[in-house]
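Everything numeric here is computed off the predicted structure, so don't read it as measured data.
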Amino acid sequence: RAITGVHRIVADTYNILSICSGVAWLDYGVGLGLEWLGITSRVVGYCERDSYAQAVLLARMEDSSMEPAPVCDDLADIDQRWRGCVDIVVAGIPCQPWSHAGTNEGIADERWIWPDVLRAIRIVQPPVVFIENVPQVANAGEEAAPRLTDLTPLGFPGEDAWADQDFCGGLGGTGLLTHHSNRWRS
């Protein structure tokens, strides 16, 4: 199945859907990690609501430093059309609800959009999910933090796999990585 601008280039290319993309540094890092593993990847779509970040993404596509891909500004735009086109969802969900840079309002903060990201994952049904955030989110409590148990009803393993020791090269980030064994191609 194909969406405008979204298709398998070659069978060995893994398609990434970037959610809360920012200026795509997380996607770039995931792509480098996959490349190190011998896996070719390509971002086939971005979802970013910040207009400055969108402008950076579009400028990088225009100057050919990034491959062209659709950019949307609303998680509600991620719909059934993406199912079957995406191998990996990468999401750098907003950290301000939990970080020292934000208000520490947790789930009361309007920027806490984990339920919306989870809805997008449910719709897309990717084989692999990678979530990045600040270490505080992993300790936010069961009612708030993105948990693999949230993904269990979707067929992902049920135990948490947060990596939080210098995950982002000493920048203090943390990541959640999981895969759906029935969907991952070998």
Q: Just to verify, what does Ser21 make a side-chain hydrogen bond (donor to acceptor under 3.5 Å, both in side chains) with, not counting sequence neighbours?
A: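 Partners of Ser21 by the side-chain hydrogen bond (donor to acceptor under 3.5 Å, both in side chains) criterion, ordered by chain and then number, come out as Ser18.
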
Q: Which heavy atom in Cys20 sits nearest to a heavy atom in Pro94, and how many Å separate them?
A: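 So the minimum-distance heavy-atom pair works out to SG-CD, 3.9 Å.
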
Q: Does anything in residues 16-45 pair up under ring pair (Phe, Tyr, Trp, His ring centres under 6.0 Å), and if so which pairs, sequence neighbours excluded?
A: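 Every ring pair (Phe, Tyr, Trp, His ring centres under 6.0 Å) pair that includes a residue of residues 16-45, provided the two are not neighbours, is Trp25-Tyr28.
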
Q: Looking at side-chain heavy atoms only, is the closest gap between Asn15 and Ile88 below 4.5 Å?
A: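 In short, these two side chains do not touch, never coming nearer than 4.5 Å.
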
Q: Tell me, please, which residues at least two apart from Ser64 pass side-chain hydrogen bond (donor to acceptor under 3.5 Å, both in side chains).
A: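 Partners of Ser64 under the side-chain hydrogen bond (donor to acceptor under 3.5 Å, both in side chains) test: none.
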
Q: Can you tell me which residue pairs pass the salt bridge (Lys or Arg N to Asp or Glu O under 4.0 Å) test with a partner in residues 114-129, sequence neighbours excluded?
A: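 Sorted pair list comes back empty.
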
Q: Test of understanding: with salt bridge (charged side-chain N to carboxylate O under 4.0 Å, His left out), list the residues that count as partners of Arg111, not counting sequence neighbours.
A: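 So Arg111 forms a salt bridge (charged side-chain N to carboxylate O under 4.0 Å, His left out) with Asp109.
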
Q: Going from OG on Ser41 to CG on Leu34, what distance comes out if it is rounded to the nearest 0.5 angstrom?
A: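 Spacing of OG (Ser41) from CG (Leu34) equals 5.0 Å.
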
Q: What distance do Tyr46 atom OH and Asp73 atom CG have between them, rounded to the nearest 0.5 Å?
A: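 Interatomic distance, Tyr46 OH to Asp73 CG, rounded to 0.5 Å: 16.0 Å.
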
Q: If you round to the nearest 0.5 Å, how far is CZ of Arg42 from OG1 of Thr13?
A: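 Thr13 OG1 to Arg42 CZ: 9.0 Å, rounded to 0.5 Å.
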
Q: Got Arg60 and Ser65 here, is their nearest side-chain heavy-atom distance under 4.5 Å?
A: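 Yes, their side chains come closer than 4.5 Å.
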
Q: Find the distance between CD1 (Ile131) and CG (Leu26) and round it off to the nearest 0.5 Å.
A: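 The CG atom of Leu26 is 9.0 Å from CD1 of Ile131, to the nearest 0.5 Å.
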
Q: Extract all donor-acceptor atom pairs below 3.5 Å that involve side chains of residues 49-56 and protein atoms in other chains or at least two apart in sequence.
A:
unit_1 : atom_1 : unit_2 : atom_2 : d
Asp50  : OD2    : Tyr52  : N      : 3.2
Asp50  : OD2    : Ala53  : N      : 2.8
Gln54  : NE2    : Glu48  : O      : 2.5

Q: Looking at every heavy atom in both Asp87 and Pro126, which two are closest together, and how far apart are they?
A: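 Closest heavy-atom pair between Asp87 and Pro126: O-CB, 4.0 Å.
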
Q: Restricting to side-chain hydrogen bond (donor to acceptor under 3.5 Å, both in side chains), what partner residues turn up for Asp74, sequence neighbours left out?
A: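 With neighbours one apart ignored, the set is empty.
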
Q: Any non-hydrogen side-chain atom of Val89 less than 4.5 Å from a side-chain atom of Ile19?
A: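 They are in contact (side-chain heavy atoms under 4.5 Å apart), so the answer is yes.
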
Q: If you take all heavy atoms of Val124 and Trp82, which pair is closest and at what distance?
A: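 Between these two residues, the closest heavy atoms are CG2-CB, 3.9 Å.
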
Q: For Asp79, what residues pass the salt bridge (charged side-chain N to carboxylate O under 4.0 Å, His left out) criterion, not counting sequence neighbours?
A: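 Listed in chain order: Arg81.
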
Q: Of all heavy-atom pairs between Ile78 and Leu17, which one has the smallest distance, and what is that distance?
A: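 Taking every non-hydrogen atom into account, CG2-CD2, 4.0 Å.
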
Q: Is Val30 linked to Ile39 within one hydrophobic cluster, defined over Ile, Leu, Val, Met, Phe, Trp and Tyr using a side-chain heavy-atom separation of less than 4.5 Å?
A: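 Same cluster.
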
Q: For Gln96, what residues pass the side-chain hydrogen bond (donor to acceptor under 3.5 Å, both in side chains) criterion, not counting sequence neighbours?
A: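 Partners of Gln96 by the side-chain hydrogen bond (donor to acceptor under 3.5 Å, both in side chains) criterion come out as none, since no residue qualifies.
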
Q: How close do Pro68 and Met61 get, heavy atom to heavy atom, and via which atoms?
A: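 Smallest heavy-atom distance, with atoms named: CA-SD, 3.7 Å.
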
Q: Any chance you could pull the hydrophobic cluster mates of Ile123, using side-chain heavy atoms under 4.5 angstrom and chaining through other members?
A: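 Under the 4.5 Å side-chain rule, Ile123 groups with nothing.
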
Q: Mind listing the closest non-hydrogen atom pair of Ala91 and Val117 along with its distance?
A: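 Closest heavy-atom pair between Ala91 and Val117: CB-CG1, 4.2 Å.
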
Q: With side chain to side chain contact (heavy atoms under 4.5 Å, CB included) as the criterion, how do Trp114 and Ile93 come out once you've worked through the C-alpha distance, each side chain's angles and the decisive distance to 0.1 Å?
A: CA-CA 7 Å; Trp114 171 242; Ile93 54 180; 4.2 Å; yes

Q: Look up atom CG in Asp27 and atom CG in Leu32, then write down how far apart they are to the nearest 0.5 Å.
A: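 One finds 11.0 Å between CG of Asp27 and CG of Leu32.
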
Q: Would you kindly confirm whether Ile16 and Val23 end up in one hydrophobic cluster when ILVMFWY residues are joined by side chain heavy atoms under 4.5 Å apart?
A: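 No; tracing contacts between hydrophobic side chains, which count when under 4.5 Å, never links both residues.
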
